[in-house]
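It should be emphasised that the depicted structure is a prediction, and the values quoted were computed from it without experimental measurement. Remember, it's 1-based here, ligands and their atoms both numbered in the order they're listed.
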Amino acid sequence: MSWHAEHDFTVTISGGSVAGLCNAIALRKLGATVSVHERTPGPMLARGAGIVVQNELIRLLEDNGAGPLPFTSCRGRRYLDHDGGDGVLQDMPQEFTSWDAIHAALRAAVPDECYRAGSEVQAVTQTGSRVSAALSDGTVIESDLFIAADGSGSAMRQRLLPDVEARYAGYVAWRGTLDESDVPSDLLPFFDDLFTFSEARGGGHMLAYFIPGRDGAISRGSRRLNWVWYVHVGLTDLATALTDKNGLQHRSSLPRGTTPERAIAALRARASREIHPKMAALVSETRDPFLQTIRDVMVPKTLFGRILLTGDAAFVVRPHTAGGTAKAAYEASVLARALKSAGANVDVALQSTEELQLEYGSALYQYGLELGNRWSRDRSTD
Ligand SMILES: Cc1cc2nc3c(=O)[nH]c(=O)nc-3n(C[C@H](O)[C@H](O)[C@H](O)COP(=O)(O)OP(=O)(O)OC[C@H]3O[C@@H](n4cnc5c(N)ncnc54)[C@H](O)[C@@H]3O)c2cc1C
């Protein structure tokens, strides 16, 4: 007998990024009929950069016959001072991948007929245990479960939890990647095989590590060197920081390739004053640094009848946890397991999923605040 003997269990997912796809592969494995709607038309290439590999994601990929996920590895960490020097080394092996490699591995495990790019979910209504989603092409689809995996700015969260704010944390992440072939030869051996951290003079810190190349290649010479620099930006300067080279003001990030030249020049000048010279050299060599604001979102609930918030649409945790994708994978696995063991008792399964999401999400959220506040407490004002 199949998992859901009563009828074909149907799931609509808004958001075809990490959380949406994790849910799609876990629920399809269970036997559900899944349709993923991603509003971005075409391939999603210009997203995040490096991601620290976490077990929850690897387990989800393996359990559902997806992957393999390309990753790079290092033997340990190097801690640098802003004044220069070779820093302090610590043995701590770690593995790294990239947002695009994760997305490619997940997307490859979801058949094309289950994934619609350029399809925006515009409105959702519930009647009893059925959910209707109105799509941008004018069609309406019905399902037994609607999963809102629509990211940190989730419209569904804003509708269901209007009092929950995405609070600006007071700093941004400047990010960049350099193709290994573009990394100056004196920098390569310095960064190779290590996860490097540098404190910044005015507070904040920068980190760097190698990730797979654009096509997932992991051999030496084909990788990318990824860096993230957390920089304090006061609320009054945020609108300027989020204005792109065409004068368009963005809500929470400056997509790659849109940063104004004057902002890049200011970033490079700041790097030369504030961080270790080798880290500053990485910033200088990067053609197209991009910016993401750091925001905190904590939700009291993830379940609203047959609508479930997941991934960044639920909690947004600080990136220092390196746990956002692991949380998305964990939530998808928990949901699939709960539905499997509850059989026809779908609502019981959803309630137990919500309980575990709230427990995991709040713990990771708090941990992220502690890590983030550690440096922002003693930063200087600028
Ligand atoms: C600086 C930084 C560093 C990070 N580093 C790490 C790390 O090392 N490790 C880690 O695990 N995590 C890291 N993260 C977090 C990680 O990137 C996110 O947690 C993860 O990508 C969340 O994915 P998501 O699918 O929930 O949301 P998103 O990736 O934001 O996806 C939401 C999707 O929904 C789509 N969408 C929105 N509305 C609609 C709609 N109405 N209809 C259809 N589609 C819609 C959007 O187009 C988007 O594709 C980092 C984050 C930042 C900012």
Side-chain angles (χ1 to χ4, degrees), residues 12-24 35-58 71 94-100 102-103 106-107 115-124 133-137 146-159 166 169 171-176 195 206-207 209 211 226-231 251-255 289-297 309-332 361 364-365 368 372:
T12 304
I13 299 176
S14 70
S17 178
V18 175
L21 292 173
C22 283
N23 278 280
S35 68
V36 180
H37 297 270
E38 168 52 52
R39 69 181 171 193
T40 310
M44 304 213 293
L45 298 174
R47 296 294 183 94
I51 297 274
V52 178
V53 175
Q54 305 284 5
N55 288 337
E56 288 86 344
L57 180 67
I58 299 299
F71 63 87
Q94 198 125 31
E95 288 162 352
F96 309 101
T97 187
S98 65
W99 185 91
D100 40 10
I102 293 175
H103 189 266
L106 292 169
R107 180 64 189 85
Y115 187 96
R116 280 181 56 194
S119 177
E120 184 176 20
V121 175
Q122 295 187 324
V124 175
L135 306 175
S136 45
D137 67 359
F146 181 88
I147 296 182
D150 51 349
S152 59
S154 170
M156 185 56 77
R157 181 183 67 236
Q158 284 165 33
R159 203 197 98 194
Y171 59 102
V172 304
W174 276 105
R175 307 185 77 176
F195 188 177
M206 179 169 166
L207 49 94
Y209 51 85
I211 60 173
N226 166 81
W227 58 264
V228 185
W229 183 15
Y230 296 106
V231 177
R251 195 183 54 82
S252 63
S253 60
L254 270 188
F290 62 103
L291 175 148
Q292 290 172 303
T293 53
I294 306 303
R295 293 177 187 266
D296 299 319
V297 177
L309 302 176
T310 192
D312 283 7
F315 293 83
V316 179
V317 299
R318 299 264 177 113
H320 322 294
T321 60
T325 56
K327 183 174 87 65
Y330 168 83
E331 290 175 314
L364 195 61
Y365 176 90

A side-chain contact here means heavy atoms from C-beta on lying under 4.5 Å apart; do F315 and V297 qualify? no
Atom indices of ligand 1 within 4.0 angstrom of G15 heavy atoms, with elements: 33 (C), 34 (O), 35 (C), 43 (C), 44 (N)
With side chains defined as the heavy atoms from C-beta onward, is the minimum distance between D150 and V121 less than 4.5 Å? no
Under 4.0 Å from one or more heavy atoms of A173, ligand 1 contributes atoms 1 (C)
Report yes if some heavy atom in the side chain of V18 is under 4.5 Å from a heavy atom in the side chain of H103; otherwise report no. no
Counting only heavy atoms not in Y115, do more than 12 fall under 6.0 Å of its OH? yes
Quick one: does V121 get an N or O within less than 3.5 Å of an N or O on ligand 1? yes
Using a 4.0 Å heavy-atom threshold (strictly under), name the region of E120 that reaches ligand 1: side chain, backbone, both or neither. both
Using a plain distance cutoff, I'd like to know if A19 has any nitrogen or oxygen under 3.5 Å from a nitrogen or oxygen of ligand 1. yes
Please confirm whether S152 comes within less than 3.5 Å of ligand 1 when only nitrogen or oxygen atoms on both sides are compared. no
Check whether any side-chain heavy atom of S17 lies under 4.5 Å from a side-chain heavy atom of M44, and answer yes or no. yes
Tell me whether T310 has any N or O atom under 3.5 angstrom from an N or O of ligand 1. no
Options A329, A123, A155, G324, ranked by nearest heavy atom to atom 12 (N) of ligand 1, top entry: G324
Mind checking whether A328 has a heavy atom under 4.0 Å from ligand 1? no
Between V52 and ligand 1, is there a nitrogen or oxygen pair with a distance under 3.5 Å? yes
Classify the angle between the aromatic ring planes of Y230 and Y171 as parallel (below 30°), tilted (30 to 60°) or perpendicular (above 60°). perpendicular
Given side chains that start at C-beta, do those of M156 and S14 come closer than 4.5 Å, heavy atoms only? no
For ligand 1, which atoms sit closer than 4.0 Å to a heavy atom of T40? 47 (O)
Using a 4.0 Å heavy-atom cut-off, which part of K327 comes near ligand 1: side chain, backbone, both, or neither? neither
Short N/O distance, under 3.5 Å, between S14 and ligand 1? no
State whether the shortest distance between N or O atoms of R175 and N or O atoms of ligand 1 falls below 3.5 angstrom. no
Please name the residue in the list D137, L135, T40, V36 that meets the side-chain contact (heavy atoms from CB on, under 4.5 Å) test with S119. L135
Determine whether Y209 and Q94 make a side-chain contact, defined as any pair of heavy atoms from C-beta on separated by less than 4.5 Å. no
For G311, atoms of ligand 1 separated by under 4.0 Å from a heavy atom: 26 (O)
Does an N or O anywhere in E38 fall below 3.5 Å from an N or O of ligand 1? yes
For H37, the ligand 1 atoms with a heavy-atom partner under 4.0 Å come out as 43 (C), 44 (N)
Atoms of ligand 1 under 4.0 Å from any heavy atom of A149, numbered from 1 in the order shown, are 32 (C), 33 (C), 34 (O)
Would a 4.5 Å heavy-atom cut-off, applied to side chains only, mark S154 and D312 as touching? no
Does G153 come within less than 4.0 Å of ligand 1, judged by its heavy atoms? no
Which bit of S119 gets closer than 4.0 Å to ligand 1, counting heavy atoms only: side chain, backbone, both or neither? backbone
Identify the two heavy atoms, one from I13 and one from A149, that lie closest to each other, and give their separation to 0.1 Å. CG2-CB, 4.2 Å
Would you indicate whether the side-chain heavy atoms of E95 and T97 approach each other to under 4.5 Å? no
